[in-house]
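To find a chain, count down the sequence lines: A is the first, B the second, and so on, and within it residues start at 1.
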Amino acid sequence: MSEIPKAYEPQSVEEKWYQFWLDQKCFVADPSRVSEKRPAYSIVIPPPNVTGMLHMGHVLNNTIQDILSRKARMDGKEVLWLPGTDHAGIATQVQVEKALKKEERKTKYDLGREEFLKRVWTWKEKHGGIIINQLKKLGCSCDWTRERFTMDPEYSRCVQKVFVELYKKGLIYRGKRMVNWCPVSQTALSDEEVEMKPQKGFMYHFKVEVAESAELLGSAPASGAGASALAGDRRHDALSNASEKSTSQNAADEASAATPVAGVLPGPDGKIWLTIATTRPETIPGDTAVAVNPKDTRYAHLIGKHIIRPLPIQLPPEQKLIPIIGDEHVDFEFGTGVLKVTPAHDKADFEIGQRHKLPLVDIMNPNGTMNDLAGESLAGLDRFEARKVAVERLKELGVLVEEKPYENNVGYSQRADVPIEPRLSEQWFLKYPAVEQSKACVEHEEKGSTPAPGVVARALAGNSERLASQNVPDSSTPPNVTDGASVTAPEAGALPNKMHFHPQRWAKVYDHWLTNIQDWCISRQLWWGHRIPVWYLRHKGNAASAASVLKPAYEKFLGIWDVLKLDDLQEIDPQNFMLNADQLSGNEFEFRLCAICSDDEAKWLIDHGFTQDPDVLDTWFSSWLWPFATMGWPEKTPTLKAFYPTTDLVTGPDIIFFWVARMIMAGYEFMGDLPFKNVYFTGIIRDKQGRKMSKTLGNSPDPLELIAKYGADALRFGTMRSAPLGQDVLFDEKDVELGRNFCNKLWNACRFRQMQGQGAADILSAENGNFRQDVGSTFEVEGEICRELLTSDDKWILLKLDQAIREVTTALAEYKFSDATAALYRFFWNEYCDWYVEASKATLRPVETLNRENVESGSGSTNQPFNHSTSATAQKQNTLAVMDFVLSNTLRLFHPFLPFITEELWHGMGFNKDLPEAQGGKTIMFAHWPKPLDDDFKSHYGLDETDEQFVNAKYELVTQGRNLRREGNIQAGKKVKFVFKPAGELNPLDAEVLKILLNAESLEVNANYAPKKGTPQVLSPLGELFLPLEGLIDVEAEKARLKKELEKHEIEIQKVLAKLNNPNFTEKVPPAVLEEHKKRLEDWRAKKQKVQSALDALS
RNA sequence: GCGCGAUUAGCUCAGUGGUAGAGCAUUACCUUCACACGGUAGGGGUCGCAGGUUCGAAACCUGCAUCGCGCACCA
């Protein structure tokens, strides 16, 4: 017989079968096959960044999607798992810029927009396939014929169409707002792209002089009442006071010596000083007011007065004068209760500025350096450098009162990891559509995860067919909701469908976000992305001349026009403008066209003096259309009709706002229906210490290396096993190792089975280390199981299989992947391999060894006659049939988790042989998902609790017997004689099983056995087991062990007794529980009795 | 500040009212003809703390503590 490797070698196997699946078009979804009997199942992949690399998060995510897809195929559904990649605006552009800098020492500006974009496309072509190939290595069964990219021409048209539609609806608008500006990428960001991080810095207290000091001190006792007395023009006085401002260190010292509590410091120099707390002194030059709370009695009287802004120093005093205003926003508990207002560099300050019509002084450049308005000493410096310098200047002026360490939260740019700069700029915004519908559609039940009603029951629906006819399609599965009508929007308010989040708690987070939703800044100052489909033409001259310039374009395009009179920023209705241009005033106009343009049209517009908006759209503005834009929308394609709405979405909770919520809104807005029915949120993958995976920490393992080392199946299994529903996953390579070990176990269990079959040597081949079937082999697969020949172990394993099928099916229906793998692991390793395979050796061993000489019958044995010569072969064949049945079901249960090895074994074992092509004959992918054994099956084969309990007792006896060996210090490998004194009848086959499991040299079955004093023994419901080892056993040690056991049992007995003696318990407890307790007491007492007897036997 | 999770064996985690579990790690023994990526048998836990509900709580309720996450933030 040729050697097959003892260990499973995944590499060539995985390669081979993936190619096979591709060649056979196993992953391709065909909408025309969808019918009531063959419902659709669909998932769209969360598109990875096109130039990204596979990381553990992807592994988790995509393994789950693959499991769901493969399970759905085995359920007889038409499955579409739609793959693709995301252009990932900033990330990709930054990558290319870096490469450009490194390789050519150039910036994107050196190349210009067009050339730079060419480079990005080249980069995309070169790197874009990497992650796709990595997904293939993982075994993902995506329909690659439908692979999409967010910048495919068709996809881009969807993006433009959506933009134009929302623009028409008035939901997209352009405006000058405070946005989150990233000084590194030099673009605006959405609120979601800003991450708050605690940052250690300083809180600076500095004092400013109130310009009207003299006036205040002179005419009013420094009380709040004085304010009104100072009405009138104070400007001149204030200015002259300011110019006399003392900068002497002396004065400053005196001032700071006074208690700062009040915030108002009337110094001996005859001036009133206000103390201001800030973390950003470098923005002082941009201050245009100082604000206090009008209810704050300390300061209210100063409202309307002015302070002299200390920076920049060089300015003449009159230019430093800024007003003190009253605003409710100011918290008088915080700091000194005096707030410097910098409307151009702070969101809250901007709003205060709006309320008080304050001027905006922008003192920074887009790259985060200070501009000339910041003053000589700061201009040109980076903002953080400028902060230090500003503090120095304040010190020099003697106005710095305090500087203390302070930690506050600062918004960081997620991408560039630098603090964002609130900045006023002109951007495009979107008012989110369909918010209310999106909120209403997510199920908000209080408790537990809710699989769609009936899913579990349906999944478990029994099978009344016999073994031979396991291949009938499951018609009990109701069709998916995939009516083509959903392509058109239903009437408003008609929302029968609900969406389920798993775990449900994310619904609350989702809800909260939708409730407090802010308009979405969708424009980015990047080059890589979907360019905003808006064109501008500026015209200087009167309205009539402007109208004549616009005319050709106006007539050519049906797009939406806006006309803006730039003189006073007034919008004019375009039609009105074209008709009545001669009567309209104005000398400068801007025309704005929002339309989808072909290349030719774009060229035409450029030729006619139009320019396109230079900005591109936020990447998520394309991703949010993913579920339908990938299916051919706006055409009502067969794919869209058959597979939208999708069934499941699998993603990380970190993009619940970025992506999930927005897809839901887009789904409603453009398709009139929810885009998916279930959302499964994975956990976040962390390292062993619970830290997030990150490149800088270097704690992120390369999945490809893991696959090379352990195999894709191992990686998948290990990941699934350690990923409980909704919990973060602490990744440990040990888990993958466990996966590999498990695959190896599966491999060897099948190898064992193969070695039993006739002509095993022909069936097994060492080539490639793979299982191969020999065409000429007469080897039989899944032969008829004969009821009469079933051993108790056979029945036991069939019942365990039934249980495993139920557990795995239920777990999958509830998205509990770690439960499913745990059930599979337990069933296959602990039940099938540890017990059943070992027990089966009783019938599988060569006939000559299954000989009554080894199962000695004592006198008076009640054993049935056991005719080996005639029945042994049949018995063996029957056991093999059971094994084949169990293994065939097992492989199918495993297939979604371990696609490669199961396919290899499915063929290697020949399980595909008698099946129709489309139902497992070609590939296990389409073999039917195992159904639980139903009552007909069980009664036909006589499977019931009796057998299960008997076998449990048998195995328990074995464990006790092995214990005796250990206590007798018998080495694990050594064979010894056991004697068994049965309590009733004992089938010789069961005796043989006992012998094998005990690794006994022989097992004497003797109902009349009279042990010598001191023979170690165990007692079980099946009888007494003796280990006659005169002189070899340490009697005292054995006694000690038994005594310890006795104590243990006594404790248990006392525990149960305590309960049973409590009248409260016996009266109130449900009868079933009472019975159970009584039985428990009996059990423990019986056990104790047996140990006691054993102990007595020793002395 | 608001919200959400977590707290069970050395580690990572299951466990939705009725006898405390798994994997890893660990100890001892074993290369027995499927598998040392293996087998057999062990050891190891007052289930974060304090109250309450209950005949009965790891589980349910109320506080508290610690850790983590999200949202919102006061300069």
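- Residue side chain Q960(A) does not reach the base of A41(B) through any donor-acceptor N/O pair under 3.5 Å, judged by distance alone.
- Side-chain N/O atoms of T959(A) include one lying less than 4.0 angstrom from OP1 or OP2 on A41(B).
- A donor atom on one side chain and an acceptor atom on the other are found under 3.5 Å apart for E193(A) and S190(A).
- With respect to the salt-bridge test (charged N to carboxylate O, under 4.0 angstrom), the residues D191(A) and K347(A) qualify.
- As rounded to whole Å, 16 Å separates atom P of A34(B) from atom CH2 of W747(A).
- W829(A) has a side-chain polar atom (N or O) that falls below the 4.0 Å cut-off from OP1 or OP2 of G39(B).
- With a 6.0 Å cutoff to the six-membered ring centre and a 45° limit on the axis angle, R721(A) counts as a cation-pi contact of Y825(A).
- Here N748(A) does not reach the OP1 or OP2 of G38(B): none of its side-chain N or O atoms lies under 4.0 Å away.
- Between K6(A) and C35(B) there is a side-chain polar atom (N or O) within less than 4.0 angstrom of OP1 or OP2.
- Taking only distance into account, the side chain of K745(A) meets the base of C35(B) through a donor-acceptor pair shorter than 3.5 Å.
- Distances shorter than 4.0 Å separate none of the side-chain N or O atoms of K734(A) from OP1 or OP2 on C24(B).
- Using a 4.0 Å heavy-atom cutoff across all strands shown, N963(A) reaches sugar-phosphate atoms only and no base atom.
- K340(A) and T342(A) share a side-chain donor-acceptor pair at under 3.5 Å.
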